[in-house]
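To find a chain, count down the sequence lines: A is the first, B the second, and so on, and within it residues start at 1. These numbers come from the heavy atoms of this one structure, side chains and all, not from hydrogens, waters or symmetry mates.
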Amino acid sequence: MILSKSYFFTLREDSREEDSTSGNLLVRSGMIKKVGSGIYALLPLGLRVFEKIKRIVREEMNAIGSQELTMPALIPEDVYIDSGRRDAFGDSMFALKDRYGKPYVLGPTHEELFAAAAKMYINSFRDMPVSLYQFQTKYRDEPRPRFGLIRVREFVMKDAYTFDRDEAGLDAAYAAMYGAYERAFDRMGLNYVIVRASTGVMGGLLSEEFQAVCDIGEDILVLEDNSGYASNLEVAECVVEGELDTSNLLPYEEVHTPNAGTIAEVTAFLNQPVEKFVKTLIYRIDGELYALCLRGDHEVNETKVLNLLGALNMELAAPEDVAAATRAPVGFAGPIGLDLPIIMDRQVGVMSNFIVGANKGDYHYMNVNLSDFTPTRVADIRQIKEGDLCANGAGRVRFARGIEVGNTFKLGEKYSKAMDLYYTDADNHLHPVVMGSYGIGIGRCLAAIVEQNHNELGIVWPKQIAPVQVAIVVINMKNEQQVEAGFDLYEELSATGLDILIDDRNERAGVKFMDMDLIGVPLRITVGRDIVDGCVELKFQGESEAVVVPLTEVRERVEAWFVD
RNA sequence: CGGGGUGUGGCUCAGGUGGUAGAGCGCCUGGUUCGGGACCAGGAGGUCGCAAGUUCAAGUCUUGUCACUCCGACCA
């Protein structure tokens with residue numbers, strides 16, 4: 001890459017449109033440019049990085065025997081209606097019509113088409129296992145795009161699908177894919193953890209996420225360092241702490257608590273610790289009202305509730321619904337005498353002589369016990385907190401934030417049944433194919449790498465990802481000796497197969513150095529004052545001092561550095 | 001979808017009470033510089049998001065609209 005003849009520019013100031021470090025660095029280094037909300041152009045330098053990430057993923061996919069193909073992004077809407085997912089995606093799907101009025105969508109994910117591809121091929125158990133993947137642009141109408149390439153509306157994803165005869169086959173395919181993912185993310189230089197996740201809209205048996213750890217991550221990871229436990233907050237199991245003390249159960253009594261409708265107000269008014277309260281939240285879940293009971297200092301985990309009930313939507317009930325159900329204003333609901341299904345968190349099961357709302361404005365009950373009401377269900381429905389006991393008992397959990405750069409799903413038979421994908425076994429019986437699906441967000445990887453690897457001057461690319469590995473900076477373009485040596489070196493190093501850049505612009509040295517630091521060149525070779533001795537400077541990423549090396553040794557040093 | 005903010009040159013922004021647009025950076029020319037985002041002089045570049053309205057006169061006031069953005073809701 002000869003800089004004076006290349007599309008190359010940098011910006012000195014942060015862009016007002018960008019709200020993340022990675023987004024700003026990528027924009028300032030001229031690698032990406034926002035075109036619209038959640039829509040980005042990949043400029044030449046950015047595309048180089050993007051292609052390197054793709055190459056790593058492609059190599060790892062091919063290495064486990066997955067075959068690449070390409071599905072369309074523009075898809076007849078019927079495909080998703082048939083699988084039952086059109087409604088599940090709802091407004092997050094981009095929808096459009098052709099000139100005849102026929103409805104189409106831009107694919108948000110491609111299980112359906114891959115199932116269709118499998119259907120063309122798979123008839124017999126002899127046709128499996130088989131594994132397919134693609135790189136394809138996905139479209140999701142995100143309500144709120146943000147953080148540069150991290151939450152966008154158009155993005156390239158590598159999605160892979162495996163097809164097996166049975167669950168044992170799926171387990172093997174899943175394990176292979178999991179290993180490929182570990183190798184791919186390791187090669188990218190990402191710091192990541194693998195967490196158990198919710199199967200959500202995708203459905204299925206198991207979901208795990210590859211989460212790049214960083215502060216702007218939108219997912220909360222629950223970690224226990226000694227045991228290596230890692231879970232997404234959404235599904236992190238809570239364990240019951242403490243035991244039920246039945247030694248001194250008291251009869252419940254009504255107490256007047258004027259204007260004390262929040263937990264904070266009641267605890268203050270009654271001067272009791274928040275752990276002595278049980279709060280009762282009225283939710284509307286798939287249209288029906290439910291009461292959820294949790295200890296006062298605990299929060300509802302909506303994912304757990306939805307999974308428990310097999311429901312799709314839940315929201316706090318409207319104030320008028322609460323009033324009708326509890327015969328009291330919001331803030332005084334309680335389980336005693338309440339005519340709603342009651343789902344009680346397991347932790348409440350070890351509480352005694354606690355305080356609940358009395359279903360009567362400005363009143364609570366004290367000294368309530370489990371015998372005073374009957375929950376419909378008792379389950380783990382609370383959100384885990386930092387410092388809680390880990391589900392495996394190994395210790396206390398801490399939280400971290402993560403960017404989901406990849407996920408793996410054991411889908412099982414859900415889509416094959418929906419898409420009528422069956423095969424004949426050796427005994428001539430029909431069985432549904434057992435599927436897995438696996439995604440990697442390429443742009444997210446790029447953003448996460450930058451988010452994890454930068455300093456005050458710019459990006460610090462891992463050398464295998466960097467847009468160029470080596471930059472030759474010619475200090476003085478009017479000095480013929482420097483120019484000639486620079487271009488000779490450029491020729492020589494280009495033969496190594498590495499990506500080489502020569503900065504031959506008529507700029508001052510400071511400008512060139514700043515630009516190279518901004519775009520994140522792992523090795524900078526400076527052709528300057530030492531050229532009179534036949535030497536140049538090599539400055540390796542992470543080293544504060546440059547080393548002076550004779551021109552004759554440069555190639556050797558560069559090659560040794562890169563394989564290191 | 002609810003609430004807030006912002007739209008002025010390629011970028012970052014300034015433009016009390018209305019009077020016909022500026023700065024810094026970037027770009028072009030010349031000169032002095034030349035190893036960590038140089039300096040001097042000259043210059044090019046703007047339908048002030050868009051549309052109506054008020055007014056002799058609108059970047060500025062009114063209304064509408066679009067875009068971007070933040071908080072919330074939502075979220076593979």
Side-chain angles (χ1 to χ4, degrees), chain A residues 8-20 23-24 27-30 33-40 80 85 88-93 107-111 138-148 150-153 155 157 159 197-204 207-211 218-220 232 234 302-303 306 312-316 403-409 411 437-441 444 456-458 473-479 482 503 505-519 524-531 536-537 539 544-546 548:
Chain A
F8 176 85
F9 68 93
T10 58
L11 300 176
R12 296 194 182 196
E13 293 172 278
D14 280 349
S15 168
R16 203 168 59 106
E17 290 181 315
E18 293 299 331
D19 57 352
S20 66
N24 254 310
V27 167
R28 285 185 50 212
S29 59
K33 172 62 186 165
K34 182 178 291 192
V35 173
S37 181
I39 307 170
Y40 282 86
Y80 290 89
R85 288 212 298 177
F89 280 111
D91 289 337
S92 64
M93 247 181 183
T109 173
H110 283 80
E111 278 77 7
K138 312 286 188 186
Y139 296 87
R140 294 186 195 170
D141 192 355
E142 291 289 342
R144 193 138 111 75
R146 64 188 125 172
F147 300 144
I150 289 167
R151 179 160 295 269
V152 290
R153 300 196 293 174
F155 58 98
M157 189 168 175
D159 48 326
S198 168
T199 49
V201 176
M202 309 297 292
S207 167
E208 290 174 290
E209 295 169 340
F210 289 69
Q211 294 273 359
E218 295 183 280
D219 290 314
I220 295 182
N232 193 305
E234 289 182 332
E302 297 190 357
T303 303
L306 291 173
L312 289 175
N313 297 300
M314 66 184 290
E315 56 185 353
L316 276 167
I403 298 170
E404 183 189 350
V405 288
N407 57 35
T408 51
F409 286 96
L411 293 177
S437 109
Y438 319 83
I440 291 179
R444 272 194 181 179
E456 61 288 350
L457 292 176
V473 174
V474 178
I475 293 293
N476 185 354
M477 288 304 293
K478 292 196 177 93
N479 180 316
Q482 288 184 20
D503 192 346
R505 296 175 298 167
N506 282 311
E507 290 287 353
R508 296 165 60 84
V511 173
K512 297 186 181 187
F513 290 153
M514 293 302 274
D515 277 345
M516 293 307 105
D517 286 339
L518 178 58
I519 68 173
R524 190 182 76 209
I525 299 179
T526 306
V527 183
R529 59 193 162 216
D530 299 312
I531 201 67
V536 294
E537 284 172 35
K539 182 161 183 307
S544 55
E545 295 300 317
V548 178

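- As judged by a 4.0 angstrom heavy-atom cut-off over every strand, A:Y139 is placed among residues making no nucleic acid contact.
- Atom CD in A:E545 sits about 18 Å away from atom P in B:rG35, given to the nearest Å.
- Minimum atom distance to the side chain of A:E302 is reached by B:rC74, of the listed B:rG36, B:rC74, B:rG37.
- Looking at A:E507, its side chain has no donor and acceptor atom pair within 3.5 Å of the base of B:rG37.
- B:rG53 sits 15 Å from B:rG18 when the C1' atoms are compared, rounded to a whole Å.
- The residue among A:D14 and A:K539 whose nearest nucleotide of RNA chain B lies closer to the 5′ end is A:D14.
- Across the P atoms, B:rG26 and B:rC11 are found 15 Å apart, a figure rounded to whole Å.
- A:K138 places no side-chain N or O within donor-acceptor distance of the main-chain N or O of A:G107, the cut-off being under 3.5 Å.
- Atom CD1 in A:I475 sits roughly 14 Å away from atom C1' in B:rG37 (whole-Å rounding).
- Here B:rC70 presents its P atom at 13 Å from CZ of A:R151, a figure rounded to the nearest Å.
- Taking only side-chain nitrogens and oxygens, A:K478 never comes nearer than 4.0 Å to OP1 or OP2 of B:rU33.
- The pairing partner recorded for B:rC74 is none, the criterion being a Watson-Crick or G-U wobble arrangement whose two distances lie under 3.5 angstrom.
- Put simply, CG on A:D517 is 12 Å from P on B:rG37, counting in whole angstrom units.
- For the C1' atoms, the distance linking B:rA58 with B:rG72 amounts to 36 Å, nearest Å.
- Remark: B:rA57 base-pairs with no nucleotide in the shown strands. Criterion, Watson-Crick or G-U wobble with two distances under 3.5 Å.
- The closest side-chain donor-acceptor pair between A:T10 and A:D515 falls under 3.5 angstrom.
- Pairing of B:rG18, defined by two Watson-Crick or G-U wobble distances under 3.5 Å, is not identified with any nucleotide.
- Using a 4.0 Å cut-off between charged nitrogen and carboxylate oxygen, A:E537 and A:R524 do not count as a salt-bridge pair.
- Between the side chain of A:E209 and the backbone N or O of A:A197, no donor-acceptor pair lies under 3.5 Å.
- Between the side chains of A:E208 and A:N407, no donor-acceptor pair of N or O atoms lies under 3.5 Å.
- A salt bridge is absent between A:R153 and A:E142: the closest approach of a Lys/Arg side-chain nitrogen to an acidic carboxylate oxygen does not fall below 4.0 angstrom.
- The side chain of A:E142 approaches B:rC75 more closely than any other nucleotide in the set B:rU69, B:rC75, B:rA38.
- Comparing the C1' positions of B:rG31 and B:rU12 gives an interatomic distance of 29 Å, to the nearest angstrom.
- Per the geometry, CD belonging to A:E218 stands 11 Å off P belonging to B:rG72, to the nearest Å.
- Between A:V152 and A:P145 there is no side-chain heavy-atom pair separated by less than 4.5 Å.
- In a base pair of the Watson-Crick type (N1 to N3 plus N6-O4 or O6-N4) or a G-U wobble (N1-O2 and O6-N3), with each distance short of 3.5 Å, B:rG42 is matched with B:rC28.
- For B:rU69, the OP1/OP2 oxygens have a side-chain nitrogen or oxygen of A:S37 closer than 4.0 Å.
- For A:R508, a side-chain nitrogen or oxygen approaches OP1 or OP2 of B:rA38 to under 4.0 Å.
- Within 4.0 Å of A:P108, counting heavy atoms only, lies no atom of the nucleic acid at all.
- Put simply, A:R16 has no side-chain N or O that comes within less than 4.0 Å of OP1 or OP2 on B:rC68.
- Of the N and O atoms on the side chains of A:E111 and A:T109, at least one donor lies less than 3.5 Å from an acceptor on the other residue.
- For the pair A:E234 CD and B:rC74 P, the computed distance is 12 Å after rounding to whole Å.
- Only the C1' atoms considered, B:rG59 is 40 Å distant from B:rU32, to the nearest whole Å.
- Spacing between atom CZ of A:R524 and atom P of B:rG35 amounts to 13 Å, rounded to whole angstrom units.
- Among the heavy atoms of the strands lying under 4.0 Å from A:E537 is at least one base atom, whether or not backbone atoms are also near.
- Here A:D515 lies in heavy-atom contact (under 4.0 Å) with a base.
- The side chain of A:T526 has B:rG35 as its nearest neighbour among B:rG35, B:rG37, B:rC74.
- To the nearest angstrom, P of B:rC70 lies 10 Å from CD of A:E17.
- Below the 3.5 angstrom threshold, one finds no donor paired with an acceptor across the side chain of A:N476 and the base of B:rG35.
- Look at the C1' atom in both B:rC50 and B:rU6: the space between them is 16 Å, to the nearest Å.
- If you find the closest nucleotide of RNA chain B to A:P145 and to A:K33, the one lying nearer the 5' end belongs to A:K33.
- You won't find any donor-acceptor pair under 3.5 Å spanning the side chain of A:R144 and the base of B:rC75, going by distance alone.
- Remark: the separation of the C1' atoms in B:rU62 and B:rC68 is 23 Å, to the nearest Å.
- One C1' atom belongs to B:rG15, the other to B:rA23, and the distance between them is 10 Å to the nearest Å.
- Using N1 to N3 plus N6-O4 or O6-N4 for Watson-Crick, or N1-O2 and O6-N3 for G-U wobble, each under 3.5 Å, B:rU6 pairs with B:rA67.
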